[in-house]
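The structure presented is a predicted model; accordingly, all values stated were derived computationally and were not measured.
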Amino acid sequence: MRQHSIAVGLSHAMLAAPEWAFDPLVDACGRALGVRPGWLWPLVDGTLDAYRRAPLDAHRELARWIESSRVFQEAFDAARESGRVITLAHIEAIPASMAPTSLAVPAIDGLGELADFLEVTPAQLDWVTDTAHWNRRTPRGRLHHYSYDWLVRPGRTPRLLEVPTPRMRRVHRRVLTDILSALPLNDAAHGFVPGRSAATGAAAHVGARTVITLDLRSFFARVTARRVFSVFRQAGYPEAVAHALTGACTHAVPSWVGARMPAGGSSEERAALRQTISRAHLPQGSPTSPALSNLSVRRLDSRLSGWAAASGVAYTRYADDLAFSGDDVRGRAAARLIAGVERIVRDEGHLLNEAKTRIAGRGARQSVTGLVVNDGVAVDRGYFDELKAILHNCATNGPHGQNRAGHPDFRAHLLGRLAWVESVSPSRGARLRRDFDRIDWS
């Protein structure tokens with residue numbers, strides 16, 4: 001711990017130096033230590049070799065480099081052997097970030113400003129950001145930031161909902177509204193994007209001779225903390241601020257949650273999910289996770305867009321659903337396209353769910369994110385007929401006997417399904433709305 005503290009102090013001193021050059025850095029470090037030991041000159045020389053420019057917004061990275069350097073390690077070894085103690089005489093404040101950014105995000109140059117931005121006290125900031133993953137190691141209780149709910153999916157791996165507490169939800173809402181909403185996305189992304197929807201994504205594939213749909217496995221859980229950290233760094237935030245924001249927006253699930261996973265899926269899929277959620281990832285249930293999932297795969301979208309253009313096809317993505325379409329992607333061409341997609345997806349840290357890969361020609365029902373695109377964007381006929389029958393029975397016989405799936409809020413469930421139809425087909429939605437308005441919920 002002493003070595004780490006000294007390394008942090010030296011990194012602060014170097015970054016506060018008036019110039020990133022040998023003599024000013026030696027002077028700054030000498031002032032921090034109160035002396036100029038012989039190892040200081042080769043340490044500064046090595047630092048200038050490693051960093052041609054001052055890493056003004058990466059003081060933690062610089063501190064790690066100092067702590068791991070051979071000169072620094074040998075200095076502490078020699079001090080221990082002679083019974084001396086290396087101490088800090090002065091600690092410089094970290095200078096404000098000078099990282100240029102043209103993005104319309106609020107300026108947050110340090111952890112104090114971040115606490116003000118999130119409307120928490122400096123003492124609460126460590127607890128809210130939880131960069132040390134105390135929530136994972138703490139027994140169940142009020143200090144936890146999330147509640148957990150396993151969703152059973154017959155024949156498939158269960159899905160874990162990680163629902164933030166009201167305090168964490170307020171923090172996430174602030175980050176989403178003021179930071180994430182200002183960051184640009186790839187044009188291929190249609191999920192969780194204002195002005196875009198499943199319908200706009202599906203519209204890009206209407207009338208194509210062949211439609212190919214693929215699915216990303218455990219999409220949210222596979223977005224790692226490193227990816228989220230990169231999003232905040234690319235937004236122009238200093239390393240310490242990006243690290244804290246990453247801690248606030250990711251979560252490592254306690255082991256007892258994984259142990260309670262209900263039945264479903266293969267043993268390999270269950271083991272992979274349990275391992276994935278035990279590491280810091282995007283919690284499915286947080287307001288920030290949809291936006292961060294889109295931002296974290298901007299490079300994936302760019303690479304898949306390029307691969308699609310080279311193959312002469314269109315590409316869109318709605319959350320974990322990938323869709324490609326074109327007139328000349330049958331047979332071997334379709335196989336080559338899918339193989340290329342799989343290589344890119346794996347290279348970007350994700351996996352395809354091969355069981356959900358679909359290739360549909362004009363003679364079959366072509367579906368993208370649950371919408372039929374053969375001749376236009378339309379709700380699946382079977383889905384519409386099923387919902388129409390449920391609403392009719394609710395209006396005729398009362399709603400209580402129709403909730404066969406046991407939805408805790410059946411009215412909200414039906415309203416959600418109705419809104420989905422209305423967003424795609426207003427005329428069909430109006431017919432269903434009339435049936436819904438006839439239901440007696442008393």
Side-chain angles (χ1 to χ4, degrees), residues 184-220 222 290 293-384 420-428:
L185 292 171
N186 188 283
D187 289 340
H190 286 262
F192 322 119
V193 182
R196 304 181 203 173
S197 65
T200 62
H205 306 284
V206 170
R209 184 174 296 175
T210 306
V211 174
I212 301 174
T213 55
L214 306 100
D215 180 81
L216 298 176
R217 185 187 303 171
S218 302
F219 179 48
F220 279 80
R222 293 191 70 86
S293 68
N294 276 337
L295 292 163
S296 71
V297 294
R298 282 178 295 189
R299 191 172 68 175
L300 171 65
D301 282 336
S302 295
R303 294 182 65 183
L304 290 179
S305 295
W307 177 242
S311 304
V313 302
Y315 162 65
T316 62
R317 180 182 59 80
Y318 187 92
D320 54 359
D321 293 320
L322 313 180
F324 300 84
S325 66
D327 293 334
D328 299 307
V329 280
R330 292 173 292 176
R332 291 182 179 177
R336 284 196 299 270
L337 175 70
I338 293 172
V341 170
E342 184 172 16
R343 284 194 299 271
I344 293 170
V345 166
R346 283 185 176 273
D347 192 42
E348 292 296 322
H350 287 273
L351 295 173
L352 289 180
N353 186 345
E354 296 177 359
K356 288 192 173 184
T357 298
R358 300 285 186 271
I359 303 175
R362 287 288 295 167
R365 184 176 67 90
Q366 297 173 325
S367 177
V368 175
T369 57
L371 298 172
V372 179
V373 296
N374 290 68
D375 300 305
V377 178
V379 177
D380 179 76
R381 182 71 191 186
Y383 183 93
F384 174 81
W420 163 252
V421 176
E422 288 177 325
S423 68
V424 178
S425 175
S427 59
R428 282 187 166 187

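Here the straight-line distance linking atom CG of N186 with atom NE2 of H190 works out to 9.0 Å at 0.5 Å rounding. One distance of note links CG of D320 with CZ of R217; it measures 12.0 Å at 0.5 Å rounding. Between R209 atom CZ and Q366 atom CD the span is 11.0 Å, to the nearest 0.5 Å. For the atom pair E348 CD and D301 CG, the distance stands at 9.5 Å (nearest 0.5 Å). For the atom pair S311 OG and D328 CG, the distance stands at 11.0 Å (nearest 0.5 Å). To the nearest 0.5 angstrom, T357 atom OG1 is 6.0 Å from I338 atom CD1.
Across T369 and Y318, no two heavy atoms sit closer than the pair CG2-CB, 3.5 Å. Considering all non-hydrogen atoms of both residues, I359 and A334 come closest at CD1-CB, 4.2 Å. Residue V368 comes nearest to A323 through the heavy atom pair CG1-CB, 3.8 Å, listed as atom of the first residue, atom of the second, then distance. Across all non-hydrogen atoms, the minimal contact from A208 to G326 is CB-N, 3.9 Å. Between A199 and V424 the shortest heavy-atom distance is CB-CG2, 4.5 Å. Taking each heavy atom of P184 and L295 in turn, the nearest pair found is O-CD2, 3.7 Å.
Ion pairing between D380 and R365 holds under the 4.0 Å rule for side-chain N and carboxylate O.
The shortest side-chain heavy-atom distance between V421 and Y383 falls under the 4.5 Å cut-off. Put simply, the side chain of L371 reaches to within 4.5 Å of the side chain of W420, judged on heavy atoms. Counting heavy atoms from C-beta on, the side chains of R317 and L304 never come closer than 4.5 Å. Residues D327 and R362 fail the side-chain proximity criterion, which asks for heavy atoms closer than 4.5 Å. Looking at heavy atoms from C-beta onward, R222 lies in side-chain contact with L351 at the 4.5 angstrom threshold.
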* Could you give me the CA-CA distance, side-chain angles and deciding distance for D375 and V206, then say whether side-chain contact (heavy atoms from CB on, under 4.5 Å) is met? => CA-CA 6 Å; D375 300 305; V206 170; 5.9 Å; no

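Under the rule for a ring pair (Phe, Tyr, Trp, His ring centres under 6.0 Å), the partners of F324 that lie at least two apart in sequence or sit in another chain are Y315.
F220 and F192 have perpendicular rings, their planes meeting at more than 60° on a 0 to 90° scale where under 30° would count as parallel.
A donor-acceptor pair is defined here as one N or O able to donate and one able to accept, closer than 3.5 Å; no such pair exists between the side chain of R332 and the backbone of V329.
No option in D215, T316, T213, V345 other than V345 meets the side-chain contact (heavy atoms from CB on, under 4.5 Å) test with L322.
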